[in-house]
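Structure record follows, encoded as C-alpha cells.
Order of listing sets the numbers, starting from 1, for every ligand and every atom in it. Because only heavy atoms are used, hydrogens play no part in the values below, and waters and symmetry mates are left out as well, while side chains stay in. Owing to the predicted nature of the structure, the values given are computational and were not obtained by experimental measurement.
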Amino acid sequence: MTDKVKERTRISDEIRYAGFDDTGLEIFESQYPTEGISYNSYVILDEKIAVMDTVDARGTEAYFENLKEILGDKKPSYLVIQHMEPDHAANIGKLAEMYPDMQLIGSAAAGKMVSQFFESDLQDRFHAVKENETLSLGKHVLQFIMAPMVHWPEVMVTYEQTEKVLFSADAFGTFGALENDEEWIEDASHYYFNIVGKYGAQVQALLKKASGLDIAVIAPLHGPVHKDDIKMVVDTYDKWSSYEPAREGIFMPFASIHGNTKRAVLQFAKELEEMGETVITMDLTKEDVSEAVEQAFLYDRIIFASSTYDLEIFPVMNDLLHHLKIKNFQKRKVGLIENGSWAPSAAKKMREYLENMKDIEIAEPVITIRSTRKPSDDDNFRALAEAMKR
Ligand SMILES: Cc1cc2nc3c(=O)[nH]c(=O)nc-3n(C[C@H](O)[C@H](O)[C@H](O)COP(=O)(O)O)c2cc1C
Ligand SMILES: [Fe+2]
Ligand SMILES: [Fe+2]
C-alpha cells in the first residue's frame with residue numbers, strides 16, 4: 001500500500017484500511033471509463049475484530065496481504081457485508097473459508113444473495129440484522145442502518161458509535177484510484193449520477209437517517225475517507241439526490257453524422273454565449289455516454305440536437321435518452337433540434353422520451369433543420385434562445 005493510499009484512507013490505529021487501489025482499471029462495471037478505482041475494506045481491531053466488506057476479485061492477492069499485515073495471527077469474529085455487489089463481495093467465500101468461525105453479518109436481503117453468489121453452507125453462519133440493531137466489539141459498537149437501493153436492495157450502512165465513523169457503502173464513493181490524488185468532487189458526480197442517480201428518493205431517506213447521527217468520519221466503499229469535508233459531501237448529495245441542478249448553464253449534446261448538425265450546434269452555442277449564457281457542447285460520437293449523463297444532471301438546461309437516422313434518433317443520442325430515462329432524469333427545461341434531409345423525425349422521437357419523464361418542460365419552438373442551417377432558420381434559433389432563458 002502506498003503512502004498516498006494510506007494518507008487518503010487513514011481513520012485510526014484501531015480502524016484500519018485493508019482495501020485495494022485498482023490503479024489499472026480503465027472501465028468500471030463493464031461500461032464506465034475511469035482512471036482506476038478503489039475497493040475499500042476496513043478492519044476494526046477490538047476485543048472482537050470486524051472486517052467491513054471485502055474487495056473486487058481484481059484485488060484478491062493484495063487484499064489478503066493487507067489483512068495479514070493488519071491481523072497477524074488474530075482472527076476476525078465478524079465480516080460485515082454492507083453490499084453484495086461483486087466489486088465488494090467477491091472475496092466473501094475465500095475469507096469465510098480462511099476463518100471458519102467468523103460470522104457473516106448483513107441485511108436479510110444480503111443473506112439471500114450470499115447463497116446466490118456462494119456455497120449455501122455460508123447461510124448457517126449468516127446473521128441478518130434489523131434496522132438500528134447494534135453489535136458490540138468491546139470498545140467499538142456497530143449500529144446497522146438499512147439503505148435499500150442506495151445502489152442495490154440489500155445495502156445497509158454501519159455507524160460505529162465510539163469513533164463516530166459512518167461506513168457508507170457505495171454512498172459518497174467516487175471513481176478514480178486513490179493514488180491519482182484527485183479531489184473527490186472531480187469524479188464524484190460522474191460516479192453518482194451514473195451509479196446511484198436513479199435512486200434519489202432512497203438517498204434522501206438515507207440522508208434523513210444520517211442527519212440524526214454525530215458523524216466524524218465517512219468511510220465509503222470507493223474513494224477517499226472523508227473527515228474535514230463531511231458537510232460539503234453531505235450537502236452535495238442532498239442537492240444531487242433531490243434532482244436540483246448544481247450548475248447554471250445550457251448543456252448541448254449533439255449527434256451528427258456528416259457534421260451539419262454539429263456546425264449548427266456550435267454556431268448556436270456561440271450565439272447563446274453572446275447572450276451571456278454558459279454553454280457546454282458535447283459530441284456524443286466522441287464522448288462516452290456516461291459523461292453526457294453526468295452533465296445533463298449537473299446543468300439546469302439541456303438542448304438535445306440529433307440528425308434523423310432511418311426515421312429515428314441517431315443511435316448515440318438515442319442511447320443518451322435511454323440512459324436518462326432509466327436514471328430517472330427529471331426537473332429540467334429542455335430544447336430540441338433535429339436535422340433531416342427528407343423526413344426529419346428525430347425531434348418527435350426525442351419528445352416521446354422526454355414526455356415520459358417527470359417535470360420536464362420542453363421549450364418551443366422545436367427546431368427542424370433541413371440538411372444545413374440557413375439564414376432563414378435564424379428567427380427560430382433566436383426564439384429558442386429566448387425560450388431557454390432561466
Ligand atoms: C444512414 C442514414 C439514414 C438517414 N435517415 C434519414 C431519415 O430517415 N430521414 C431524414 O430526413 N434524413 C435521414 N438521413 C439524412 C440526415 O438526417 C441528414 O442528411 C442530416 O442533414 C444529417 O446531418 P449531419 O450532417 O449532422 O449528419 C439519413 C442519413 C443517413 C446517413
Ligand atoms: Fe454497488
Ligand atoms: Fe461499489
Only one of W184, F28, F175 forms a ring-ring contact (aromatic ring centres under 6.0 Å, His included) with H222, so which one is it?
F28

Check whether any side-chain N or O of [X] sits under 3.5 Å from a backbone N or O of [Y] as a donor-acceptor pair, and report yes or no.
| X | Y | value |
| --- | --- | --- |
| Q103 | S77 | no |
| K139 | E47 | no |
| N339 | S371 | yes |
| Y237 | F172 | yes |

Ring geometry between Y192 and W240 (parallel below 30°, tilted from 30 to 60°, perpendicular above 60°)
tilted

Taking the inter-plane angle between the rings of Y39 and F20 on a 0 to 90° scale, is it parallel (under 30°), tilted (30 to 60°) or perpendicular (over 60°)?
parallel

For the side-chain contact (heavy atoms from CB on, under 4.5 Å) test, which of D53, I105, N91, T54 pairs with L79?
T54

Under-2.8 Å protein N/O/S neighbours of the Fe ion (ligand 2), ordered by chain then residue number
H83 NE2, E85 OE1, H151 ND1, D170 OD2

Does atom CD of E26 have more than 12 heavy-atom neighbours, drawn from other residues, nucleotides or ligands, at distances under 6.0 Å?
no

Under 4.0 Å from ligand 1, residues with heavy atoms, in chain and number order, are S256, I257, H258, G259, N260, T261, S307, T308, Y309, D310, L311, N339, G340, S341, W342, A343, P344, S371

